[in-house]
Amino acid sequence: MSYSWNKPLENLPEEITTIWSCMREECKVWMRDSFSFKEQPVCPLCKTFMISSEKILPILVSSDQEIKHYRKKQRAAAISSHDA
């Protein structure tokens, strides 16, 4: 059994997150509000103003220790479901 740190996480907990989206329909750029440092951000690609909205996104993990804990928990669940 091999594990890779690059393997995507499955079943990540999600939450409703405030985001900023580009106003231009052709432009698909968006960013989490927590990554914006301006009251009214401007799209980094097309320089159009962005509008606030919400999106269901995975909860961001704040430290390597939390990521390791989540992966360990995920592996244990996979092993226990495999043994069942």
Side-chain angles (χ1 to χ4, degrees):
M1 191 184 310
S2 68
Y3 295 106
S4 169
W5 286 107
N6 296 327
K7 196 183 291 186
L9 296 174
E10 299 167 2
N11 302 321
L12 287 173
E14 296 179 328
E15 67 182 354
I16 297 175
T17 307
T18 304
I19 64 164
W20 289 98
S21 302
C22 184
M23 291 177 67
R24 285 185 52 211
E25 280 190 39
E26 314 81 60
C27 186
K28 303 297 183 195
V29 172
W30 63 270
M31 71 176 95
R32 290 176 188 254
D33 182 53
S34 56
F35 287 111
S36 171
F37 299 110
K38 297 182 178 182
E39 287 279 325
Q40 175 72 42
V42 175
C43 176
L45 295 181
C46 68
K47 308 302 181 207
T48 303
F49 281 108
M50 300 180 91
I51 55 173
S52 181
S53 61
E54 292 181 333
K55 191 173 198 165
I56 298 176
L57 297 171
I59 297 171
L60 290 181
V61 181
S62 60
S63 74
D64 286 344
Q65 289 294 26
E66 289 178 51
I67 292 171
K68 289 176 186 177
H69 174 72
Y70 185 79
R71 287 185 188 275
K72 185 176 181 181
K73 192 172 164 183
Q74 191 178 42
R75 283 187 209 119
I79 290 170
S80 65
S81 68
H82 184 267
D83 292 340

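All of these numbers come straight from a predicted model, not from anything done at the bench. Below, each value reflects all heavy atoms present in this structure, side chains not excepted, and no hydrogens, waters or symmetry copies.
- Residue pairs meeting the side chain to side chain donor-acceptor pair (under 3.5 Å) criterion with at least one member in residues 32-46, sequence neighbours excluded, are W20-D33.
- Taking each heavy atom of M50 and C43 in turn, the nearest pair found is CG-N, 3.6 Å.
- Grouping Ile, Leu, Val, Met, Phe, Trp and Tyr by side-chain contacts under 4.5 Å, direct or through others, puts L57 with I19, W30.
- Applying the salt bridge (Lys or Arg N to Asp or Glu O under 4.0 Å) rule to pairs touching residues 14-24 yields R24-E26, sequence neighbours excluded.
- Hydrophobic side-chain contacts under 4.5 Å tie I16 into a cluster, directly or through other members, with I56.
- Grouping Ile, Leu, Val, Met, Phe, Trp and Tyr by side-chain contacts under 4.5 Å, direct or through others, puts F49 with M23, V42, I51.
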